[in-house]
There are 2 protein chains.
Amino acid sequence: MRADARKNYEQLLAVARLAVTKDGADASLRDIARKAGVGLGTLYRHFPTREALLETLLRTAWDELAAKAHELETASAPDEALVSWLRDFIASVRTYRGVVAVMMSALNDKESALYASCAEMRASGTRLLARAQAEGTARTDIDGTDLIALAGALAWIGDQPAIESRAERLFDVVMSAVRECPATDEHCKQRGK
Amino acid sequence: MRADARKNYEQLLAVARLAVTKDGADASLRDIARKAGVGLGTLYRHFPTREALLETLLRTAWDELAAKAHELETASAPDEALVSWLRDFIASVRTYRGVVAVMMSALNDKESALYASCAEMRASGTRLLARAQAEGTARTDIDGTDLIALAGALAWIGDQPAIESRAERLFDVVMSAVRECPATDEHCKQRGK
DNA sequence: ACCTGAACACCGTTCAAGT
DNA sequence: ACCTGAACACCGTTCAAGT
């Protein structure tokens, strides 16, 4: 890349990070180009789609998450590993408001610049879930996509100012369902409905 | 209301219903006015905000939900009443894509045209929850706002094409957590972690 | 190679002018 | 009383023209 192009690229990324932090995933691209002191076409040259820009902003965090998943697979108790990774995953998705919806739609579109990252996250979650399921510490009637859907829903809660303060506790509530052991139903019924 | 005004109002509502069904809560107001054969100012006269328009579109469904809540409070087993009402609530919110986010933000803004409706829904949910809690069939560490947050999160899942097919089962998963009896944790621990 | 910014087709919202 | 639509300040996206 030419030196001036590189400079524009870096400047765009720095400004975009600020803008997306402030306004979320649907921050104005025009405004980003303007504040970066760059023509609109230059932004589109470096980041042909909004997804491409978001992908670059999230790259590092997602690489770390993938690495963390591999660590946890060997280093921790399966159920604790699963919950711990999901907590990190949600925190990462919540870095920027609104990315969780973009991510979910990317999962349905192999052409999206975010597809590979999202599919990798889902694969990591699926492996951690399978390990806990094999051990009997995670319910067996859900799969990796269900898990990502639940995590996404929890991230969504964190994006809503009216209920954001409840996000952490509701994470625990939902996790209690994911970790529920198969006997629970009968157990509860015994206690008299 | 003058006869011509009434006609415009009805026409706007009919067109808006189609548009919001198709494009969700952020459907183009301009487009609605255009298709209703009415000036933009006329739309704004009848519905000063987008919330006001959505409120009118949802009015009937929400009145029914409130009535249903009161019925269930006397007619059904507390836990079944709670789950049944939440299912209806989510179905109602999901009538139009994207309303769930608008609703959550309305809950934080008493000036919103949707505030009263949303607060009423929350109040209904809170009563049904309290009844189940009193009976010991709902966990006691959540309140009505938590319940609406969880229901909203489930409605959000239903709004995402990539995971929509999982919405029903994940409803059951989350409900299992809401209905969890206090002893579950110890129970699970006994089974060996 | 890379950059610029006008051009196009859209928004939401307001308000002066009309009937 | 009620309606219209131009005006204003924004978008995203493309692409001819420039260096």
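Letters A, B, ... mirror the listed sequences (proteins, then strands); counts begin at 1.
- Here side-chain hydrogen bond (donor to acceptor under 3.5 Å, both in side chains) pairs that include residues 146-161 of chain A, with residues two or more places apart or in two chains, are A:D146-B:R166, A:D146-B:R169.
- A donor-acceptor pair under 3.5 Å is formed between the side chain of A:W85 and the backbone N or O of A:L65.
- Sorted by first and then second residue, the side-chain hydrogen bond (donor to acceptor under 3.5 Å, both in side chains) pairs involving residues 92-106 of chain A (not counting sequence neighbours) are A:R17-A:Y96, A:W62-A:S92, A:R94-A:E164.
- DNA chain D is contacted by A:A27, A:S28, A:L29, A:R30, A:R34 of residues 10-35 of chain A, taking any non-hydrogen atom closer than 4.0 Å.
- Between the CD atom of B:E51 and the P atom of C:dG12 there is a distance of 13 Å, rounded to whole Å.
- At least one donor-acceptor pair closer than 3.5 Å links the side chain of B:Q133 to the backbone N or O of B:R139.
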Below 3.5 Å between N/O atoms, which protein atoms pair up with nucleotides 2-5 of chain C? Just atom names and distances, please.
{"residue": "C:dC2", "atom": "OP1", "partner": "A:R2", "partner atom": "N", "Å": "3.4"}
{"residue": "C:dC3", "atom": "OP1", "partner": "A:N8", "partner atom": "ND2", "Å": "2.3"}
{"residue": "C:dT4", "atom": "OP2", "partner": "A:G39", "partner atom": "N", "Å": "2.6"}
{"residue": "C:dT4", "atom": "OP2", "partner": "A:T42", "partner atom": "OG1", "Å": "2.7"}
{"residue": "C:dG5", "atom": "O6", "partner": "A:G41", "partner atom": "N", "Å": "3.1"}

Is there a salt bridge (Lys or Arg N to Asp or Glu O under 4.0 Å) between A:K7 and A:D4? Walk through the geometry before answering. CA-CA 5 Å; A:K7 214 187 91 189; A:D4 55 341; over 6 Å; no

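- Consecutive Watson-Crick or G-U pairing (both distances under 3.5 Å) extending over three or more pairs maps onto DNA chain C as C:4-8 with D:12-16, C:12-16 with D:4-8.
- A donor-acceptor pair under 3.5 Å is formed between the side chain of B:T56 and the backbone N or O of B:A52.
- Looking at A:R50, its side chain does come within 3.5 Å of a backbone N or O of A:A25 through a donor-acceptor pair.
- For the pair A:L53 CG and D:dT13 C1', the interatomic distance rounds to 15 Å; values are reported in whole Å.
- Within a 6.0 Å radius of CD in A:E10, other residues, nucleotides and ligands contribute more than 12 heavy atoms.
- The closest donor-acceptor contact from the side chain of A:R30 to the backbone of A:L40 lies at 3.5 Å or more, if one exists at all.
- Here the side chain of A:E55 pairs no donor or acceptor atom with the backbone of A:A116 at under 3.5 angstrom.
- Checking side-chain atoms of A:S124 against main-chain N and O of A:E120 turns up a donor-acceptor pair under 3.5 Å.
- Taking atom CZ of B:R50 as the reference point, atom P of C:dC11 lies 11 Å away to the nearest angstrom.
- Using a distance-only test at 3.5 Å, with no hydrogens or angles considered, no donor-acceptor pair links the side chain of A:S176 to the main chain of B:A177.
- Residues from residues 97-109 of chain B that place a heavy atom under 4.0 Å from any atom of DNA chain D: there are none.
- In summary, B:R127 and B:E73 engage in a salt bridge, as defined by a charged side-chain N under 4.0 Å from a carboxylate O.
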